[in-house]
Number of protein chains: 2
Amino acid sequence: MTDHPLPPTTDPLAPTADPLTPTLDSLPPAATPRVSRRTLATTVTERIREGVHRGNFPPGHQFNEVELAAHLGVSRGPVRESLQLLVHEGLLERRPHRGVFVPFLTETDIVDIFYARLALETAAFKRVITSPRPPGLIETLDATVDAIAQAAAQDDWEAVGDLDLRFHTSVIEAAGSPRLSRMYSSLISETRLCLNIMADTHPARGDLLHEHRELTQLIAGDDVGAAIKTLTQHFDEATVTLRRRLRETQEQPPPPQLPYS
Amino acid sequence: MTDHPLPPTTDPLAPTADPLTPTLDSLPPAATPRVSRRTLATTVTERIREGVHRGNFPPGHQFNEVELAAHLGVSRGPVRESLQLLVHEGLLERRPHRGVFVPFLTETDIVDIFYARLALETAAFKRVITSPRPPGLIETLDATVDAIAQAAAQDDWEAVGDLDLRFHTSVIEAAGSPRLSRMYSSLISETRLCLNIMADTHPARGDLLHEHRELTQLIAGDDVGAAIKTLTQHFDEATVTLRRRLRETQEQPPPPQLPYS
DNA sequence: TTACAAAACATTGTTTACAACTCTCCGTCG
DNA sequence: CGACGGAGAGTTGTAAACAATGTTTTGTAA
């Protein structure tokens, strides 16, 4: 089933070098006695989600439960829970009695994802602009835009993508609605999936920087209509770009499947 | 733990009298060989969700996994999966290593639920009005409003509530966005929870009927601004009513816990 | 009587084993 | 040669046992 067409380079499920999140590899000894509010399934979920976000698993890839469990050093129970969560989140796709797969995103999906994001962000924009803004929001957005400029100057398009998503997430969070945030995080997850489907290098649009600066100014202002109009255009252009990117990508054969460790 | 202050009246997890959904009670024999795309967890999820929607479990109620499993005639596996799904859906609340509970909804929650619903419906209204409407939409909405009138005339407020939710769900579906629909269904779930928290009888607002007629006409028209304005007022009034209702309800002692079968 | 502590209990989290389903491969029949 | 059918392997779905955590109770001492 899983032949190894590529030399095993890196572990697609390797956690980020974040000392705060205990690695699963160091689990067999009681490595997580700290605030045991963390459950195995939680950690596994983050590992898998991270891996998918990084694009380590191509569209159509099937997650084998026993394989995953063995690789992560846990049993199938937590793995199943994690997969179910990610499915419900929309990041993965389940076919009953068949398995869990990385979905093939279509142009329709891309349009829908950005349509749904626009729906939520429009509401957030409206509330953030008309209500007293949470302190520090504008500064946070400005800082993010600066970071985008810096990353773009270094041709680090992966960072640009992350910062782009962070910008929009900040606005959503500023709306102060737990449910809006919850729903948006799912959409962000799917957006990352979108970005990964594209070519390995994502030469982002050049005007992306300018657009975010403009959005920040509009959020700092009080013209809701103008802000939403610009936001809509911003999403329209992103959608167009992604659709073209997807079409270009699909014209080339899909990359071979990445094996575990 | 679970004493029985009330005589066991009806099974809080009893399925609706729908012959299409096979009951779990008839499971031990192979009662579901039909299109086995249904998994046990799916059925269990629907059963529990139905029970919570009907208000069979008071706020704060803890779902005991073994008890549930025994009552439904399945093992803890599917039950755990179901509970996790409902938690992720927002209908239930999980406290790690403690259990899954029916949440206590606060005024803040009510406001947030309707804020999020408004966000999604605003987008749906915009699209439905400005794009070619799916055929039969207006007729469906009209029929639903008629049904509301009929149910209200019979003082069947539970039906009124259901039809109200169906009306709004129809509009969302008409937008044709899988993700909008997915997110909205969670919010509808939580809205039902809201309604159940209220007194047993829900004497709905009298102008609810008129408002839905007006909304239908606006959807049939082409004035997006007017439609959204009316929609916003509709939600504002619903929120105010529910908040008052909640406050009234909380002034009285909560009803005793309902036992199983 | 009250406050603290330890042990017993109850419940969830995890692992392991078993059953059912789906897909693939191969043989046979038309 | 192609199509149908069945056996086999592999995977997911389910069940039951084990471990760990949280809660309650009970006893003791201040």
Side-chain angles (χ1 to χ4, degrees), chain A residues 1-3 22 24 27-48 60-88 92-102 257 260, chain B residues 1-3 22 24 26-48 57 60-88 92-102 257 260:
Chain A
M1 171 61 76
T2 59
D3 49 344
L24 256 174
L27 256 194
T32 55
R34 313 284 312 176
V35 201
S36 76
R37 288 299 163 88
R38 293 184 67 77
T39 181
L40 268 189
T42 310
T43 313
V44 171
T45 301
E46 291 173 2
R47 290 282 293 272
I48 298 178
H61 171 86
Q62 173 170 13
F63 285 95
N64 185 315
E65 294 181 359
V66 297
E67 201 177 350
L68 260 179
H71 184 76
L72 292 173
V74 300
S75 79
R76 279 180 58 208
V79 171
R80 268 184 75 83
E81 280 190 33
S82 298
L83 291 180
Q84 193 203 354
L85 206 70
L86 294 171
V87 166
H88 194 254
L92 300 179
E93 197 178 282
R94 149 162 287 149
R95 284 172 251 174
H97 292 281
R98 302 279 294 283
V100 174
F101 304 82
V102 177
Q257 181 169 325
Y260 288 92
Chain B
M1 171 61 74
T2 59
D3 48 344
L24 255 173
S26 63
L27 256 194
T32 56
R34 313 283 311 174
V35 201
S36 78
R37 288 298 163 88
R38 295 183 66 78
T39 180
L40 269 190
T42 310
T43 314
V44 171
T45 301
E46 293 174 2
R47 289 283 293 273
I48 299 178
F57 306 97
H61 171 86
Q62 173 169 11
F63 285 94
N64 185 314
E65 292 181 2
V66 297
E67 201 177 349
L68 260 179
H71 184 75
L72 293 174
V74 300
S75 82
R76 280 180 58 208
V79 171
R80 269 185 75 84
E81 280 190 32
S82 298
L83 291 179
Q84 194 206 350
L85 206 70
L86 294 171
V87 165
H88 194 253
L92 300 179
E93 197 177 283
R94 148 162 287 150
R95 285 172 250 174
H97 292 282
R98 305 278 291 285
V100 174
F101 304 82
V102 177
Q257 180 169 326
Y260 287 93

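Just so it is clear: chains get the letters A, B, ... in the order the sequence lines come, proteins before strands, and each one is counted from 1.
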Item to complete: Can you tell me the distance, in whole Å, between the CD atom of E65(B) and the C1' atom of dT14(C)?
Response: 12 Å
Practice prompt. Could you point out which residue of L83(B), V100(B), V44(B) forms a side chain to side chain contact (heavy atoms under 4.5 Å, CB included) with L68(B)?
Written response: L83(B)
Practice prompt. Would you kindly give the CD-to-C1' distance between E81(A) and dT12(C), to the nearest whole Å?
Written response: 10 Å
Worksheet item: Which is true for G77(A) with a 4.0 Å heavy-atom rule: it touches a base, it touches only sugar-phosphate, or it touches nothing?
Response: base
Worksheet item: Whole Å only: how far is the CZ atom of R98(B) from the P atom of dT23(D)?
Response: 4 Å
Fill in: Donor-acceptor contact below 3.5 Å, side chain E81(B) vs main chain R80(A)
no
Discussion item. Quick check: do L86(B) and F63(B) have side-chain heavy atoms less than 4.5 Å from each other?
Written reply: no
Worksheet item: Rounded to whole angstrom units, what separation is found between the NE2 atom of H97(B) and the P atom of dG13(C)?
Response: 6 Å
Practice prompt. Classify the nucleic acid contact of R95(A) as base, sugar-phosphate or nothing, counting any heavy atom under 4.0 Å across all strands shown.
Written response: nothing
Worksheet item: Between dT12(D) and Q62(A), is there an OP1 or OP2 to side-chain N/O distance shorter than 4.0 Å?
Response: yes
Fill in: First of A41(A) and R76(A) reached from the 5' end of DNA chain C, by closest nucleotide
A41(A)
Worksheet item: Atom CZ of R94(A) to atom P of dT22(C): distance rounded to whole Å?
Response: 14 Å
